[in-house]
Amino acid sequence: MSQQFSRRDFLKLAGLGAATTAVLTGCGPSSRYVKREPYQQMPEYNAIGQSTYYATTCRECAAGCGLILRTFQGRALKVEGNANHPLNLGKTCARGQATLQGLYNPDRVTDPVKRASRGSDSTQPMDWDTAVQTVADALTNYKPNEIAFLMGTAPDHLFDLVTDLANAAGMNAPIRFGALSMFEARATLSKAAESLFGQAGMPSFDLGGADVVVSFGANFLETWLSPVSYTREYARMRRGNPKQRGYFIQFESRMSQTASKADEWIPLRPGTEGLVALALGRLVAEAKGGSLPRAFSGVDPAEVAAAADVSLETLEHVAHMIVSAHTPIAVPGGSALGQSNGQTVAEAVLALNALVENVGKSGGVFLSPLSPNQDAYHQPASAKEMQDFVNQMASGKFKVLFIHGVNPVFELPKSIDFKGALSGVEQVISFATFPDETALEADYVFPDHQGLESWGYQRVVTGTSQQVISGAQPVVTPYFNTRATADVLIAAAQLAGGKFAATLPFKDEVEFLNSKVSALMGEADGSFTAPDPVTFMAYFQQYGGWWNKSDVRVSAGNSNPLNRNIAGIEADFVGSGEYFFLPFVSPSLAETGANKPTLQELPDPTTTVMWNTWIEMNPETAKELGIENDDVVKVVSDTGEVEASVYLYPAIRPDVIAMPFGQGHTAYGQFAAGRGVNPSDLLGAHFNEAGDLAFAGTKVTIQKTGKKRQLSRKEGLIGVYEFRPE
Amino acid sequence: MTSLAKPLARPHAEEHEDPREHLMHDPLPRGKMNEMVMEAMHETNWKFWVVTGILAVLVATCLGYAWYYLIDKGLGVAGVNMPVFWGIFLVDVVFWIGISHAGTFISAILRVLKVESRRPFTRAAELMTTFGLVQAAISVFMHMGRVWLSYWMAPIPNERMIWPDFHSPLMWDFMAISTYLLCSTMYLFLPLIPDMAMARDRSTGWRKTLYKILGLGFRGTEGEWKNLTTAMNLFAFAIIPVMFSVHTIVSWDFAMASRPGWSSTVFGPYFVIGALHSGMAAVAIVLFLLRSTMKHYKYFIRPEHFDTIGMLMLLVSMAWAYFYFNDYIVPWYGGDVWDKLFQEWAEKGPLWYLWYTMLFCNIVVPWSILWNKKWRRTPWLLASAGILINVGMWLERYIIIPEGLTINRMPFTWRLYIPGVEIALTVGMFALFLLLYMLASRVIPLIPVWEVQEGQEAHLLRKIGKAEIPTLSELE
Amino acid sequence: MIKKFFAWLKQPLGLIAVGIVFLALFSAAVYGIYTTQQSPEQPIQFPHKTHVAFGIQCLYCHPGANKGPAAGLPSQTKCWGCHNQIVKTRDSALLAPLKDAVLSGQSIQWVPVAMVPDFVQFNHRAHIAAGKNCEDCHGDLSQMTIYENPQVLNMGWCINCHKQSAGDDQALLTKLTDCGTCHY
Amino acid sequence: MSTNLELPMFTNNSEAELGGRWGMVIDKDLCTGCQACVAACSMENNVPFVGEEDAGYGRSMQWIRIERLWEGLDGDYREVKMTDYQPLMCQQCHNAPCEPVCPVYASVHSMSEDLNLQVYNRCVGTRYCANNCPYQARVFNWRDYADYRETNTADNDPRWSVFQNQLNPDVTVRRRGVMEKCTFCIQRIHQAENQAKAEGREVRDGEFTTACAQACPANAIVFGRIDDPESMVSLAAETSRGSRLHEELRTMPRVTYLAGGA
């Protein structure tokens with residue numbers, strides 16, 4: 001008996017042992033479910049198991065940073081900066097890093113579709129031949145002046161193509177717009193430069209060479225113009241000179257991310273930035289001696305200090321800093337320009353630069369050089385021009401509207417009723433990659449490739465003193481059934497025949513690109529030379545663009561910019577509320593980030609809030625109103641109201657309410673839709689002298705709702721605000 | 001302790017009391033007593049099954065399903081987060097190990113010190129040890145992110161050259177708990193043998209088979225008794241250091257970590273005392289429950305036993321208070337900023353009431369009730385105090401673990417802990433404990449009948465003669 | 001009932017039943033391991049031994065082995081490049097899947113055999129550089145048609161070889177037994 | 001069945017070799033808090049996103065977080081100052097408190113690279129290492145955040161798995177119940193070392209860098225060999241502005257923070 005038992009035991013043990021071994025060895029029959037596919041034909045520049053790197057250009061904003069994409073077996077894996085690219089020197093911002101999530105995103109428009117009715121989700125997939133035919137029909141069935149193009153600020157090659165097409169066929173000139181250009185007040189800046197220096201262009205600020213930076217609301221570390229290059233220049237200002245660390249003063253009513261890096265953050269009353277700049281100019285001019293320039297003669301620093309709620313000592317101290325500095329620089333930007341007197345502010349601040357004689361010098365202001373294949377500076381449409389455009393749409397002037405790369409339904413203030421005006425347009429064709437709010441209002445969506453699947457180039461407008469045209473090439477084959485808009489237009493133009501076909505006599509987008517770029521082959525100063533156009537284009541893609549080697553600092557044409565009046569008017573504010581409303585662009589979401597989950601989950605640098613919209617409010621104000629953290633309040637302006645949770649932000653003036661722009665989508669994919677609110681709903685159609693939206697020129701009231709909604713914060717409230725270790 | 005050890009050594013001081021109040025002085029025939037115990041084990045009314053059913057459902061849902069859900073979805077369904085990586089699971093571990101302490105303490109220490117009044121309730125306490133440890137082990141496993149790999153903590157020889165890390169306090173914990181579980185189960189089993197033999201002779205059917213196996217063929221010969229007594233004495237002495245070490249090691253999980261509020265040298269004895277504090281209280285509760293639900297147990301469990309436990313509770317409570325304030329004052333005086341912040345946070349943070357409740361339950365309640373002999377001898381009052389003390393001790397662990405983890409050296413990360421599925425699992429564990437206890441009450445005699453009889457006989461002997469005849473246990 | 005069952009188990013018949021149950025479990029486990037070590041069903045029953053017999057080097061078809069982590073599969077055009085020129089194979093029924101794949105532009109779906117789990121970062125190049133030959137791990141391919149693993153590719157096997165390779169060189173042993181060498 | 005306990009990885013780290021191997025210098029004066037490093041790290045290391053609710057509850061998985069605190073909160077709003085942004089990742093301590101507490105050697109010191117390793121496939125999820133990390137640099141996979149399989153979808157959208165195209169094949173995708181943390185981009189270290197070995201040379205300074213340092217627009221992060229006194233990271237760490245976090249704990253971190261203006 002015992003013998004039998006032991007045999008049973010043996011069997012039992014053996015069975016258990018075998019089963020355990022099977023589990024533990026990780027033999028995983030799962031290997032049987034995996035299939036491996038060899039290359040049909042191995043690309044010759046590929047090596048098995050090795051990553052391939054492609055140079056291209058980032059399309060998350062219009063700055064035009066050069067990227068190097070790591071790809072592996074046909075998939076794009078990682079965004080890295082192009083170290084040779086003069087704009088970003090191998091660096092990227094968070095949005096650039098996340099551009100892969102725009103490429104591999106489940107919510108993309110996968111096929112060309114016809115929408116059942118505007119605004120509805122139900123669509124009918126089409127094939128590309130029909131789609132191209134639709135575009136061709138739209139081009140031929142309407143009079144040229146009934147056709148309009150609305151385009152985003154990127155990419156430039158498509159804009160050039162459409163411009164050529166429009167010019168040749170007599171269509172309306174394409175108009176470009178973007179939320180960033182609206183909140184950057186680009187038009188204001190370039191017009192101020194023109195009026196002061198006598199030459200239009202985008203001023204560039206050489207922070208890296210300066211030792212004292214006085215910024216008036218410029219959020220150059222966040223989204224302003226070219227954040228990567230300005231961040232690099234900021235670092236150079238701080239530590240570039242081993243002997244002296246640059247000093248940075250920021251005038252802003254709220255401590256933005258940029259202001260948080262300032263040595264001195266001087267909160268002033270919104271709308272008084274121009275006055276403060278003029279007062280500083282007067283104090284500096286007086287300290288320097290000599291005759292007082294006309295530009296600064298009209299202000300009284302003491303009055304300005306009172307109006308701006310800043311002590312006169314502070315102003316004198318800043319003036320002293322400027323006077324004793326070697327290369328001081330003053331930077332206007334952000335909310336300072338988004339006032340009813342934005343252009344005056346810009347002029348006053350630029351005049352300050354003229355006063356310290358840094359225009360065109362290292363560490364000073366210069367006009368950004370034009371791109372190599374560009375003859376004049378084209379700024380994107382200001383909000384005023386957009387309003388005119390919308391009015392024309394509403395009046396039925398346009399029968400066909402092509403939209404590419406921009407989402408005006410979301411970005412433009414509700415008071416400029418883009419969505420409503422679309423009803424005046426018979427046919428709306430969108431080339432959106434993503435089903436955004438505007439694509440939802442279009443009759444057809446013919447999806448363009450995502451930026452990483454596209455050819456193209458982007459002109460670098462500002463941020464470097466070199467002339468740069470940044471090249472883009474597809475790093476992966478298109479993931480979905482999309483087609484390059486340039487290809488669609490070229491094909492449609494061929495179908496349409498006549499002038500259209502004559503203007504675009506190209507086989508495809510690449511040929512068009514060659515025609516635009518290979519003209520640079522002859523330039524002697526270029527970053528590379530090539531004996532023939534084919535080699536040139538190969539280099540162009542390989543290096544990620546073309547740029548000239550030497551610096552081109554365009555300095556002012558006007559010899560004496562200070563001999564003029566700058567009216568130091570205070571800004572007007574619209575609305576009956578008691579709080580200044582200050583929208584700012586979320587650094588991580590900006591125009592195009594909201595559909596990318598990684599960007600949604602990036603904490604805001606100053607508040608560390610993720611995934612949602614918050615309302616910044618000074619704790620004092622909140623105490624008066626009986627509001628606590630995470631209470632939902634209603635912000636009401638003359639033109640709209642939004643509800644969001646409150647963040648008690650200690651570094652904001654008590655009379656200012658701030659809100660980030662970037663959330664509040666009603667479409668644009670599962671990660672963006674229904675999340676947060678859009679502060680541009682609160683903005684009225686108020687413009688500054690240059691036609692830019694006076695986005696910071698609104699006053700609002702705050703109403704409690706009694707609701708509470710927890711904000712997702714990276715920080716712990718307890719350690720940061722409540723039980724703080726000393 | 002010596003005064004406790006001889007409650008009957010000075011009977012004349014309490015002459016006004018009815019001597020029959022003491023179990024040892026109120027003997028019944030052996031056969032009758034055996035019958036009483038067997039009857040209590042056999043006779044089960046519908047209320048018992050209703051309660052068992054409810055508990056079983058609770059265990060199946062709150063423990064079984066909830067745990068499945070936890071494993072399937074990951075620990076995200078629990079409330080743990082960054083920085084509170086350890087939540088209620090670990091609170092439960094420490095709590096149940098604490099509960100399990102009293103069983104051994106009462107049984108082994110009182111056996112070693114020959115305290116007569118221990119006799120009827122050692123079994124109940126020892127059973128608590130074993131079942132408490134089962135709960136503790138379950139809690140540890142529930143806490144793990146990948147419980148299906150928990151066998152990696154065991155030193156299994158393998159060809160990968162990987163061992164568990166014996167530097168890790170968790171490893172010591174693992175070892176200590178398994179040792180303690182093994183020892184305490186054996187220590188539970190040894191005194192059970194004569195009772196199993198007794199039950200074997202008085203039952204039929206499957207019970208007979210069961211008791212036959214468990215009784216190990218014990219027949220009560222002189223040699224068997226001798227061996228059994230030797231074994232029990234050996235175990236009683238040996239298990240005491242094991243018991244102390246286990247909870248000391250549990251405290252090292254915390255004391256060895258470099259966290260503010262945890263890295264304290266007093267944690268070893270402090271945790272042992274804390275364990276006894278909650279364990280004593282739990283014994284009081286269990287005795288009250290047994291006495292009020294089991295047939296005939298009012299005979300075995302009497303106010304005098306509650307009196308003994310009540311005195312122990314008071315003593316332990318005072319010791320606990322001493323250690324607690326020792327642990328409190330040293331960092332307060334020492335001046336480490338993080339330690340101080342933790343104290344401030346516990347007292348003034350959003351969970352301040354937990355801190356005050358803990359002090360109330362652990363100090364005010366025992367000190368205000370247990371000094372009075374009459375109150376001590378009131379079973380329900382003692383049981384209520386026991387419940388409060390257990391609440392207090394649970395909160396004490398809650399303050400140490402989740403609240404302590406909130407405060408670390410990176411203030412940016414400080415965040416509150418909101419329990420999730422842990423609550424259900426904790427309820428399920430309590431239900432499992434009760435269920436195990438109730439089922440055990442149907443199969444094993446919860447009164448060590450032979451020990452009671454042994455004591456009574458010794459006292460009978462003593463009463464017959466006029467001369468001072470020493471008690472049996474003093475003879476040993 | 002239970003008692004009866006246990007009593008029955010002690011009878012010879014019961015013991016046989018117990019034996020059968022355990023044998024079944026045991027053979028299931030053995031079969032489980034066995035299947036994982038067998039060559040699976042492949043789209044083309046690729047005869048390694050024929051190719052080796054022709055004198056084709058491993059690296060000709062798996063050129064990644066000395067360059068990077070993966071040895072790689074030959075692209076279909078590479079296969080077809082040879083087979084297209086050999087009349088016998090050009091029209092062979094056995095190679096019809098290859099021909100179809102090449103002509104239609106579809107990929108052949110090979111089933112990987114020598115696989116390590118996702119959490120193991122294996123690099124062929126380092127092993128080739130250390131002087132290992134293909135057959136040291138993959139066995140003698142001149143005897144195989146479809147590839148099958150000559151041994152269980154598990155961690156014990158890896159470590160064993162690593163230890164032997166290090167020999168008395170402590171620094172190398174450190175490197176080769178470092179968890180971070182393979183797991184990250 | 002060899003169980004040799006005398007292997008190097010089981011021996012305790014002595015203070016004899018304090019030199020270290022890989023190190024990082026972070027200039028807090030330059031860090032603008034732009035989160036580019038966080039995004040770059042997430043993209044390189046397959047760090048998943050966790051959604052609004054979990055992120056708000058302290059469960060976001062990012063291996064770097066950028067901390068900032070406030071100064072002067074009790075005074076007037078004009079006096080409020082934000083402290084410097086402090087990017088915080090695993091400090092790769094030489095005497096790492098996370099290592100001895102792991103019962104299964106999942107948190108283990110790499111003796112060959114002098115880094116702290118987290119061996120995902122060994123981790124059983126006791127989370128003791130995270131408790132004992134004075135820097136709170138460890139993150140835990142509370143759920144199957146990175147599970148983009150088609151059968152396990154967000155809102156049962158089969159296209160969910162589109163995201164997995166971007167996963168880096170050089171880095172393990174972690175499942176639920178596993179601790180993880182910054183690895184100093186060990187996959188890049190290995191790649192560079194393999195390349196250097198194949199070419200018969202040492203790894204050159206600046207030949208490769210971590211994803212965060214690579215992305216940082218302000219060049220606030222410098223990574224490299226700290227056993228080479230001439231490397232950029234050694235030179236940067238030498239300055240008087242350098243300090244390490246919680247030096248009083250003697251953890252000997254490999255990350256040096258530069259602070260202050262001078």
Side-chain angles (χ1 to χ4, degrees), chain B residues 71-86 90 140 143-153 155 157-174 253-254 256-260 262 401 404-405 408-418, chain D residues 1-5 7 9-10 12 50 54 56-61 65-69 86 88 97 99-108 119 121-145 175-179 245-246 249 251:
Chain B
I71 292 173
D72 186 43
K73 298 287 174 212
L75 274 157
V77 296
V80 267
N81 64 358
M82 204 283 269
V84 188
F85 284 96
W86 286 0
L90 263 287
V140 171
H143 160 84
M144 288 169 69
R146 301 208 292 174
V147 63
W148 54 95
L149 299 175
S150 49
Y151 67 91
W152 282 352
M153 300 226 278
N158 61 61
E159 57 187 345
R160 300 165 191 211
M161 309 203 308
I162 313 175
W163 272 112
D165 186 351
F166 293 102
H167 298 124
S168 167
L170 279 185
M171 203 58 231
W172 312 338
D173 234 19
F174 186 74
D253 279 353
F254 308 98
M256 294 283 164
S258 65
R259 289 192 67 97
W262 278 15
I401 301 168
L405 283 171
N408 54 45
R409 291 185 175 84
M410 287 283 150
F412 185 79
T413 62
W414 295 358
R415 211 179 279 274
L416 268 181
Y417 163 78
I418 304 156
Chain D
M1 291 282 180
S2 147
T3 48
N4 178 9
L5 281 174
L7 280 171
M9 65 173 166
F10 298 113
N12 204 1
V50 304
D54 270 8
Y57 191 54
R59 286 176 176 171
S60 48
M61 299 287 301
R65 64 169 181 271
I66 299 186
E67 297 196 335
R68 63 100 183 80
L69 299 172
Q86 173 169 295
L88 197 131
E99 285 166 8
V101 297
C102 178
V104 293
Y105 279 117
S107 172
V108 67
V119 186
N121 48 315
R122 181 69 180 167
C123 180
V124 296
T126 66
R127 308 193 289 292
Y128 201 166
C129 51
N131 272 351
N132 214 22
C133 174
Y135 310 102
Q136 297 293 311
R138 292 175 158 259
V139 289
F140 190 71
N141 282 273
W142 302 105
R143 303 174 203 267
D144 261 340
Y145 294 120
R175 295 288 303 276
R176 68 185 188 279
V178 174
M179 191 60 74
L245 289 181
H246 295 308
L249 297 174
T251 53

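First the proteins, then the strands, lettered A, B, ... as listed; each starts at 1. Hydrogens, waters and symmetry mates play no part in the numbers below; they use all other heavy atoms, side chains included.
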Tell me, for [X] versus chain B, whether the close heavy atoms (under 4.5 Å) come from the side chain, the backbone, both or neither.
X        : value
D:Arg68  : both
D:Asp54  : neither
D:Pro100 : both

What part of [X] lies closer than 4.5 angstrom to a heavy atom of chain D: side chain, backbone, both or neither?
X        : result
B:Asp253 : both
B:Trp172 : neither
B:Leu405 : side chain
B:Phe174 : neither
B:Arg415 : side chain
B:Val80  : both

Item to check | B:Arg409 side chain to D:His246 backbone, donor-acceptor under 3.5 Å | outcome: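 Absent.
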Item to check | Atom of D:Pro103, atom of B:Ser168 and distance for their closest heavy-atom approach | outcome: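 Smallest heavy-atom distance, with atoms named: N-OG, 3.5 Å.
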Checklist entry - So, for B:Thr413 and D:Gln136, which heavy atoms are closest and what is the spacing to 0.1 Å? => result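 Nearest heavy atoms, B:Thr413 then D:Gln136: OG1-CG, 3.9 Å.
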Item to check | D:Arg127/B:His143 under side chain to side chain contact (heavy atoms under 4.5 Å, CB included): CA gap, chis, key distance, verdict | outcome: CA-CA 9 Å; D:Arg127 308 193 289 292; B:His143 160 84; 3.1 Å; yes
Next on the checklist: List the residues meeting side chain to side chain contact (heavy atoms under 4.5 Å, CB included) with B:Ile418, not counting sequence neighbours, and say none if there are none.
Outcome noted: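 Result, side chain to side chain contact (heavy atoms under 4.5 Å, CB included) vs B:Ile418: D:Tyr57.
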If you round to the nearest 0.5 Å, how far is [atom2] of [Y] from [atom1] of [X]?
X        : Y        : atom1 : atom2 : answer
B:Lys73  : D:Arg176 : NZ    : CZ    : 9.0 Å
D:Tyr128 : B:Met171 : OH    : CE    : 13.5 Å
D:Asn131 : B:Trp262 : CG    : CH2   : 4.5 Å
D:Asn132 : B:Phe85  : CG    : CZ    : 12.0 Å
B:Asp173 : D:Thr126 : CG    : OG1   : 10.5 Å

Checklist entry - side chain to side chain contact (heavy atoms under 4.5 Å, CB included) between B:Met410 and D:Tyr135: does it pass, once the steps are laid out? => result CA-CA 6 Å; B:Met410 287 283 150; D:Tyr135 310 102; 3.9 Å; yes
Item to check | Note, B:Pro169 side chain near D:Val101 side chain (heavy atom, < 4.5 Å) | outcome: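 Of all side-chain heavy-atom pairs linking D:Val101 with B:Pro169, at least one is under 4.5 Å.
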Item to check | Selection from B:Val84, B:Ile71, B:Val140, B:Leu90 maximising heavy-atom pairs under 4.5 Å formed with chain D | outcome: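 Ranked by heavy-atom pairs under 4.5 Å with chain D, first place is B:Ile71.
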Next on the checklist: So, using salt bridge (charged side-chain N to carboxylate O under 4.0 Å, His left out) as the criterion, who are the partners of B:Arg146 when residues are at least two apart?
Outcome noted: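 With neighbours one apart ignored, the set is empty.
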Next on the checklist: Between D:Arg143, D:Met179, D:Arg122, who has the most heavy-atom pairs with chain B when the cutoff is under 4.5 Å?
Outcome noted: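 Highest number of pairs under 4.5 Å: D:Arg122.
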